[in-house]
Amino acid sequence: MAATKLPPLSRRRALLGLAALASTSCRRRGSPSPPEPAPAAAEAAPPGWKELAFEPASGGEDPQRALLLAPAAAGAPPLLVALHGRGEAVRGVEVGARGWRDDYALDATLKRLLAPPLAPEDLGGMVKRERLAQLNASLRDHPYAGLCIATPFTPDLRDRSVEGAASFGRFVVERLLPRARAEGGCQAAREATGIDGVSLGGRLALLVGLSNPDVFGAVGALQPAVRASEAEMFSTLARRAMERHAVALRLVSSEADPFLPAIQAISDRLRQDGVAHELLIVPGPHDYAWNRGPGGVEMVLWHERVQRGLSPP
């Protein structure tokens with residue numbers, strides 16, 4: 001799919017992108033600012049979430065944690081692995097695993113998807129009229145039918161390469177997915193299995209998902225923490241994945257996302273190399289409010305549509 005085109009980027013925006021990436025790359029200096037309180041609608045989590053503990057598989061690994069949401073739906077739902085950002089990674093395994101539920105208010109998002117139509121405030125006001133109409137038309141034609149959602153702790157890795165993400169990828173593929181399917185009754189087909197994430201998690205979703213196209217049929221990334229200089233690396237990874245299996249691939253950014261220039265550069269390289277993908281740019285900044293609004297809605301609805309074989313909005 002052709003990428004969305006924007007006017008040429010300013011030098012200031014490019015510098016902002018580099019500064020933001022540097023901040024995500026800083027290692028353990030001080031503490032991040034605590035997240036803003038989640039909206040009241042998400043304070044009382046509905047039933048369905050299960051906490052999963054994983055002991056180290058070998059002496060060199062750390063214990064892992066994840067949350068699993070298995071909806072009470074007829075049949076086996078598709079499965080989405082959702083990765084959080086660096087703000088949760090530096091706050092520890094327990095906080096990170098609960099990031100999408102507790103800090104990003106995913107329960108509130110799911111409640112609204114189950115009771116359309118969506119209103120602008122359901123996306124924090126960060127939505128254009130045309131996009132809101134597309135989302136609601138999709139929900140009108142095909143009501144949201146639910147996903148299994150697994151939210152593991154997402155590590156802030158020192159090695160940001162494909163090889164550096166391999167150990168986390170093995171955990172997701174070899175331990176998290178089998179357990180989520182066994183305990184949540186989720187589908188096992190690759191076409192019904194997706195991975196996505198925001199910022200740091202978006203970067204890892206691309207590295208893990210595109211390294212395992214035999215496992216993931218859908219790979220997405222929300223405001224991924226990437227560099228423009230990595231465009232060739234990500235395009236090569238995507239091309240090799242597509243040579244093995246067709247993968248639905250989407251990049252999402254926002255107008256005030258400091259990573260937008262780099263994400264556009266990667267999309268441009270993917271298009272140049274003939275890699276089918278979608279680039280979606282919506283309103284909003286790179287922050288918790290965006291995660292709770294457009295980020296969660298776009299991630300969940302896109303994966304639920306694609307993984308069920310429906311056309312996404």
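P152 and F168 make their closest contact through CG-CZ, 4.4 Å (heavy atoms, listed as atom of the first residue, atom of the second, distance). Smallest separation of non-hydrogen atoms from A89 and L200: CB-CD2, 3.9 Å. The shortest heavy-atom contact between V162 and S211 is CG1-OG, 3.6 Å. Taking each heavy atom of G202 and P224 in turn, the nearest pair found is C-CB, 3.8 Å. Nearest heavy-atom pair, L249 versus A276, reported as atom, atom and distance to 0.1 Å: CB-O, 4.1 Å. Nearest heavy atoms, A228 versus A262: N-CB, 3.4 Å.
Side chain of N136 to main chain of A133: no donor-acceptor pair is present (N/O by atom type, distance under 3.5 Å, no hydrogens or angles). Judged by distance alone, the side chain of R65 and the main-chain N or O of V93 form no donor-acceptor pair under 3.5 Å. Looking only at distances, a side-chain donor or acceptor of R308 sits under 3.5 Å from a matching main-chain atom of G146. A donor-acceptor pair is defined here as one N or O able to donate and one able to accept, closer than 3.5 Å; no such pair exists between the side chain of S235 and the backbone of A231. For the pair R305 (side chain) and H142 (backbone), a donor-acceptor distance under 3.5 Å is present. Listed for the S267 side chain is no donor-acceptor partner under 3.5 Å among the backbone atoms of I263. Formation of a donor-acceptor pair under 3.5 Å by the R175 side chain with backbone atoms of Q64 is not found in this model. When atom types are taken as modelled, the side chain of R190 and the backbone of F216 share a donor-acceptor pair closer than 3.5 angstrom.
A heavy-atom distance below 4.5 Å is not found between the side chains of V208 and V215. Using a 4.5 Å cut-off on side-chain heavy atoms (C-beta onward), M126 and V282 make no contact. By the 4.5 Å heavy-atom criterion applied to side chains, V172 and N212 are not counted as neighbours. For the pair P213/R240, no side-chain contact is recorded, criterion being any heavy-atom separation below 4.5 Å from C-beta on. With a 4.5 Å cut-off on side-chain heavy atoms, Q264 and I281 count as touching.
Summarising the geometry, atom CG belonging to L206 is positioned 10.5 Å from atom CD belonging to E230; distances are rounded to the nearest 0.5 Å. For the atom pair CG of L204 and CD1 of I195, the computed distance is 8.0 Å after rounding to the nearest 0.5 Å. Atoms CG and OG1, on L123 and T109 in that order, are 8.0 Å from each other to the nearest 0.5 Å. Between atom CD of residue Q223 and atom CG of residue L251 there is a gap of 12.0 Å, rounded to the nearest 0.5 Å. To the nearest 0.5 Å, the span separating CD on E304 from OH on Y144 amounts to 6.0 Å. Remark: F234 CZ to L270 CG distance equals 10.0 Å, nearest 0.5 Å.
The environment of R239 atom CZ is dense: over 12 non-hydrogen atoms of other residues, nucleotides or ligands sit within 6.0 angstrom. More than 12 heavy-atom neighbours from other residues, nucleotides or ligands sit within 6.0 angstrom of CZ on R244. Counting non-hydrogen atoms of neighbouring residues, nucleotides and ligands closer than 6.0 angstrom, the CD atom of Q272 exceeds 12 such neighbours. The local environment of CD in Q134 is crowded, with over 12 non-hydrogen atoms from other residues, nucleotides or ligands closer than 6.0 Å.
Under the rule for a ring pair (Phe, Tyr, Trp, His ring centres under 6.0 Å), the partners of F153 that lie at least two apart in sequence or sit in another chain are H84. Residues satisfying the side chain to side chain contact (heavy atoms under 4.5 Å, CB included) test with Q187, not counting sequence neighbours, are A76, P78, A192.
A salt bridge links E88 to R91: at least one charged side-chain nitrogen sits closer than 4.0 Å to a carboxylate oxygen. Ionic pairing of E183 and R179 is present here: one or more N-O contacts between side-chain nitrogen and carboxylate oxygen are shorter than 4.0 angstrom. For the pair E51 and R98, the salt-bridge criterion is met [side-chain N within less than 4.0 Å of a carboxylate O]. We find that R131 and E298 are joined by a salt bridge, their nearest charged nitrogen and carboxylate oxygen being less than 4.0 Å apart.
Checking T151 against R101 by side-chain atom types alone, no donor-acceptor pair falls below 3.5 Å.
H286 pairs in a side chain to side chain contact (heavy atoms under 4.5 Å, CB included) with only one of the listed residues (L222, D257, V198, L260), which is D257.
Note: the hydrophobic cluster containing W100 does not contain V95 (ILVMFWY, side chain heavy atoms under 4.5 Å, direct or indirect links). Tracing side-chain contacts under 4.5 Å through hydrophobic residues (I, L, V, M, F, W, Y), one never reaches L310 starting from L114; they form parts of separate clusters.
Cluster partners of W302, by chain and number: V306. The rule joins Ile, Leu, Val, Met, Phe, Trp and Tyr whenever side-chain heavy atoms lie under 4.5 Å apart.
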